[in-house]
Structure formats: structure tokens, C-alpha cells
Protein chains: 2
Amino acid sequence: MDIQSFFPYRIAVFSERVSQCIAQVYRERFGLTRDEWRVIAALAEAGKVRTAWIIDKTTLEKMQVSRAVARLERDGLLERLPDPDDGRGWLLRLLPAGKALYAKVVPMVQARETFLLDALAPDEREVLDRALTKLSERAEVLVRQG
Amino acid sequence: MDIQSFFPYRIAVFSERVSQCIAQVYRERFGLTRDEWRVIAALAEAGKVRTAWIIDKTTLEKMQVSRAVARLERDGLLERLPDPDDGRGWLLRLLPAGKALYAKVVPMVQARETFLLDALAPDEREVLDRALTKLSERAEVLVRQG
DNA sequence: TATTGTTATACTCTATAACTATA
DNA sequence: TATAGTTATAGAGTATAACAATA
């Protein structure tokens, strides 16, 4: 077995590199952690939502979301409102400072995504898209079966 | 921007899931860390090599390799021999216990890789392969330019 | 003076679970 | 009894750089 052609290894190295491209923007230029960035990105498209919705959207654990939200609230980027439908939970909403930050980050990371994907022809992009979906389903099967 | 269709996010989630599939084998069943597994896998195909070669093959930092090697040596899985060509370095080689461990892990992780890739038709696999290579090159450009 | 590999240190991240308040 | 979210804590991983030995 050649590790460098082993698919899971290739994906891990590739993913690390792509993540670094994006992290250079949200971390180095805007001081956000990955979790904070994900919470902001999820909130920006949502308006006002419950924590559980964020957890689902971002693929983060409730604990990670809890901590990221605490930091973002402390920094004045979002607010937590009591949930009228469930006294245990909160509704989360970006504040103007959070929206402004998001508006600055998005074009930069989207430019990077575009630069990456421009390496592919439209039909290659389609195949890649479907391949990721199919592989992801199979990976989930394996993870679940242990 | 919808985070769930943002390519770097999709790749990160996908990669995490695939890594988990493989880690279930080498970590949960054989007690290896990711770095230890990479060092063993690289060594297994190489025979006797210098540390620098491992660093190159595994995409790990010299410090991570140094620590993984120290643990693997302590556990009797590999040995370090003085490098006759360079008194600063070492030659690394798997011991029988290391080879035996590798021989047990490989079929299991390869079966998982096969199960994943069987989701794709041969031509899809080719496109995926080329796409990863092209995207990876572009990502490296971005990482380097900062 | 540069390079190989080790060690130190502080920091972040992760995983598990206990805990509170409410349903 | 179960669930939403918080907190505690210990362990693992990460990043930076200092360091000794050798080139």
C-alpha cells in the first residue's frame, strides 16, 4: 500500500490545505476561530434561529457551539434572546457588528473558492459534486457500523 | 452564501468523516495515533530510510515525526540506526512487531477504502482523481500567497 | 553559518461527562 | 424521564522557538 495514493490520506492532506486557504482569511485577518466562523456563516443566512439549528447546520457539537456563541456574544457580534417556545433554549441573531464582519469575510473566501473551482471544467465540477455526495454517504455507513 | 454548499466546508466535513472511518481501525482497534499510523505506513513501503524522507512522505512536521518515532521505538515497533552518511540523522526501519501490526491494519483500511470507492464508476473515479490534483495545486498557490 | 532532529513551553482543541433548568 | 445548553476537567494535538550536534 502506497500511503500517498491511499484515498483517505489524499483527502486528509487536500482538506487540510483547502481549510488553510480559508482560515488565512477568517483567522489571520479577522481573528475568528473555525467554530466562530461557522456559527457566523450559519447565522448570517438564517436571521434568528435556535441553537439546535446551528448545531445541525455547522456539524459542530453542542459544546463547541456553546463556547463559540459565548465568545461571539462577549465580542458584541451576536445576541441571545430567550426562546418563547422553550425556556431552556435561546434564539440567536447576528448584531450589526457581526453582519458587518460577515460582509467583509464572505467576498474574500468566495473569491478563494472561485479560484479553486475555476481549475475544473463544468462537467468535472458536476462529477466531483456527485462523487462527494456518494462517498460521503458510504463513509457515514462505515462510521456508524464502527 | 450557504455554508453547506460552500466547497471548503463540504470538503472539511467529508474529510473528517473519511478520516474517522480509517481512524476507527488504527486507533480504536490498534491504539495508534494518526501520526504513528502514517509513519508506520510510510516505513512499511520503504525499508530503511532517513527521517527527512518520512517527513516528506507523511506531510507531518519534523517535531510530530520525532515524537511519533520515539513512541514507536519505545513500543518496539521500529528501530533507529545511526546514519553513516550524516551523523546528525537516523535511519529508521520497522521491526518485526511493526511489520506484523502493519500487515494486520492494511487489509482492514484497504477494505474500507474499497467500499468507499466502489460507490463510483471508473470514469467518475478518474475525474475525481484529476480534480483533486488540480484543486490541490490551486490550494497550494493560495496558501503560499497568504 | 546552515541543517537535523530533540526538547520545552504554552496554547488550542477534543472528548466525556456532570450539571442546571426546563419540558 | 428526557432534553437544551453550560461548565468542568483531563487528555491530545498544535505551533513556536530554543537547543545540541553535526555539516
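In the text below, chain A, chain B and the rest are named by the order of the sequence lines, each starting its count at 1. Keep in mind that the numbers below use all heavy atoms, side chains included, and drop hydrogens, waters and symmetry copies.
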What integer distance in Å separates [X]:[atom1] from [N]:[atom2]?
| X | N | atom1 | atom2 | value |
| --- | --- | --- | --- | --- |
| A:D86 | D:dT3 | CG | P | 12 Å |
| A:L60 | C:dA15 | CG | C1' | 15 Å |
| B:E61 | D:dG13 | CD | C1' | 13 Å |

Side-chain atoms of B:M63 come closest, of D:dA17, D:dT6, D:dT7, to D:dA17
Between B:R38 and B:Q64, does the side chain to side chain donor-acceptor pair (under 3.5 Å) criterion hold? Intermediate values first, please. CA-CA 11 Å; B:R38 283 194 186 175; B:Q64 296 171 299; over 6 Å; no
Check B:R125 with B:D118, please: is the shortest side-chain N to carboxylate O separation under 4.0 Å? yes
Report which part of the nucleic acid [X] touches: base, sugar-phosphate, or nothing (heavy-atom distance under 4.0 Å, all strands).
| X | result |
| --- | --- |
| A:A70 | nothing |
| A:D83 | nothing |
| B:R80 | sugar-phosphate |
| A:Q64 | sugar-phosphate |
| B:R50 | nothing |

Comparing A:R88 and A:K62 on DNA chain C - which has the more 5′ nearest nucleotide: A:K62
OP1 or OP2 of D:dG5 less than 4.0 angstrom from a side-chain nitrogen or oxygen of A:T51, does that happen here? yes
For the CZ atom of B:F30 and the OH atom of B:Y102, what is their distance to the nearest 0.5 Å? 13.0 Å
Of B:R34 and A:W53, whose nearest nucleotide on DNA chain D comes first from the 5' end? A:W53
Where B:I3 and A:A42 come nearest, the two heavy atoms and their spacing: CG2-CA, 4.5 Å
